[in-house]
Amino acid sequence: KSTITAAVAACMLATTPLVAFGYGNMAGKTSTAPAAKSDIVDTAVAAGQFNTLAKALTAAGLVDTLKGPGPFTVFAPTDAAFAKIPAAQLNALLADKAALTKVLTYHVVGGKVMAADVKSGAVKTVEGQPLNVVASPAGVTVNNAKVIKTDIMATNGVIHVIDTVVLPN
């Protein structure tokens, strides 16, 4: 593994959800989510709406990391979310491994956080900077991105689908 991939893997394993994610007592409750059959990467690829994300993960060398044991919570931008980025800017990002790694790891939180456990506040990402999570009756946003689908189960975590790529400072 490259040094960057190893460092990201170490951060992912060491990072725990902070303020925004509270874990309620789930004793006696059963999940309504279907059992996961694949890891985060294979689950995203099979969904068919994360082709650009899969390409970006490959370009950044993060595929093996996100196939690792986790658990991870991934805020996954759809192909439509990536399409909001001007083509020249997106192509430049895909060609810059360091910048791409920073953007992609900004979409990952250590731990497995289900939608029912999300609370408003700042949460530290694997990249290191916090995401601002707002949970309201109207839905959940992560920075300027709306969460459009939640709790897509993977064997090593969970995916929440967002409609916009979030960018670190």
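Everything numeric here is computed off the predicted structure, so don't read it as measured data. Any value given below was found using the heavy atoms of this structure, including those in side chains, with hydrogens, waters and symmetry copies removed.
Under the 4.5 Å side-chain heavy-atom criterion for grouping Ile, Leu, Val, Met, Phe, Trp and Tyr, Val103 is connected to Phe72 within one hydrophobic cluster.
Counting heavy atoms from C-beta outward, Thr105 and Thr125 have side chains that stay 4.5 Å or more apart. Val142 is not listed as a side-chain neighbour of Val123, based on a closest heavy-atom distance of 4.5 Å or more. Residues Phe75 and Val166 are not in side-chain contact: their nearest non-hydrogen atoms beyond the backbone lie 4.5 Å or more apart.
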| query | Do Thr52 and Leu90 pass the side chain to side chain contact (heavy atoms under 4.5 Å, CB included) test, and can you show the C-alpha distance, the side-chain angles, and the key distance before you say yes or no? | reply | CA-CA 10 Å; Thr52 308; Leu90 179 58; 4.3 Å; yes
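Here the closest heavy-atom approach between residue Ser120 and residue Ala135 is recorded as OG-N, 2.7 Å.
Without hydrogens or angle criteria, Asp96 side chain to Ala92 main chain gives no donor-acceptor distance under 3.5 Å. Looking only at distances, no side-chain donor or acceptor of Glu127 sits under 3.5 Å from a matching main-chain atom of Pro168.
Atom CG in Leu93 sits 7.5 Å away from atom CZ in Phe82 (nearest 0.5 Å). Within the model, atoms NZ of Lys102 and CG of Leu167 stand 10.5 Å from one another, a figure rounded to the nearest 0.5 Å. Going from atom CG of Asn143 over to atom CD of Gln129 covers 9.5 Å, rounded to the nearest 0.5 Å.
For the side chain to side chain contact (heavy atoms under 4.5 Å, CB included) test, residues two or more places apart in sequence or in another chain that qualify with Ala80 are Thr78. In terms of the side chain to side chain contact (heavy atoms under 4.5 Å, CB included) criterion, residue partners of Ala56 (sequence neighbours excluded) are, by chain and number, Leu94, Leu100, Leu104. Shown here are the side-chain hydrogen bond (donor to acceptor under 3.5 Å, both in side chains) partners of Asn51, two or more places apart in sequence or in another chain: Asp79.
Applying the ring pair (Phe, Tyr, Trp, His ring centres under 6.0 Å) rule to pairs touching residues 97-132 yields nothing, sequence neighbours excluded. Applying the ring pair (Phe, Tyr, Trp, His ring centres under 6.0 Å) rule to pairs touching residues 112-151 yields nothing, sequence neighbours excluded. Residues in residues 126-151 take part in no ring pair (Phe, Tyr, Trp, His ring centres under 6.0 Å) pair, two or more places apart or across chains.
Between Lys37 and Asp42 no salt bridge is recorded (no basic side-chain N to carboxylate O distance below 4.0 Å).
Around the NZ atom of Lys67, the shell of radius 6.0 Å holds more than 12 heavy atoms that belong to other residues, nucleotides or ligands.
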Quiz: residues 155-164 side-chain donor-acceptor pairs under 3.5 angstrom, not counting sequence neighbours:
unit_1: Thr155; atom_1: OG1; unit_2: Ser38; atom_2: O; d: 3.4
unit_1: Thr155; atom_1: OG1; unit_2: Asp39; atom_2: N; d: 3.4
unit_1: Asn156; atom_1: OD1; unit_2: Ile40; atom_2: N; d: 2.9
unit_1: Asn156; atom_1: ND2; unit_2: Leu66; atom_2: O; d: 2.8
unit_1: Asn156; atom_1: ND2; unit_2: Gly68; atom_2: O; d: 2.7
unit_1: His160; atom_1: ND1; unit_2: Asp151; atom_2: N; d: 3.1
unit_1: His160; atom_1: NE2; unit_2: Val113; atom_2: O; d: 2.8
unit_1: Asp163; atom_1: OD1; unit_2: Lys146; atom_2: N; d: 2.8
unit_1: Thr164; atom_1: OG1; unit_2: Lys84; atom_2: NZ; d: 3.0

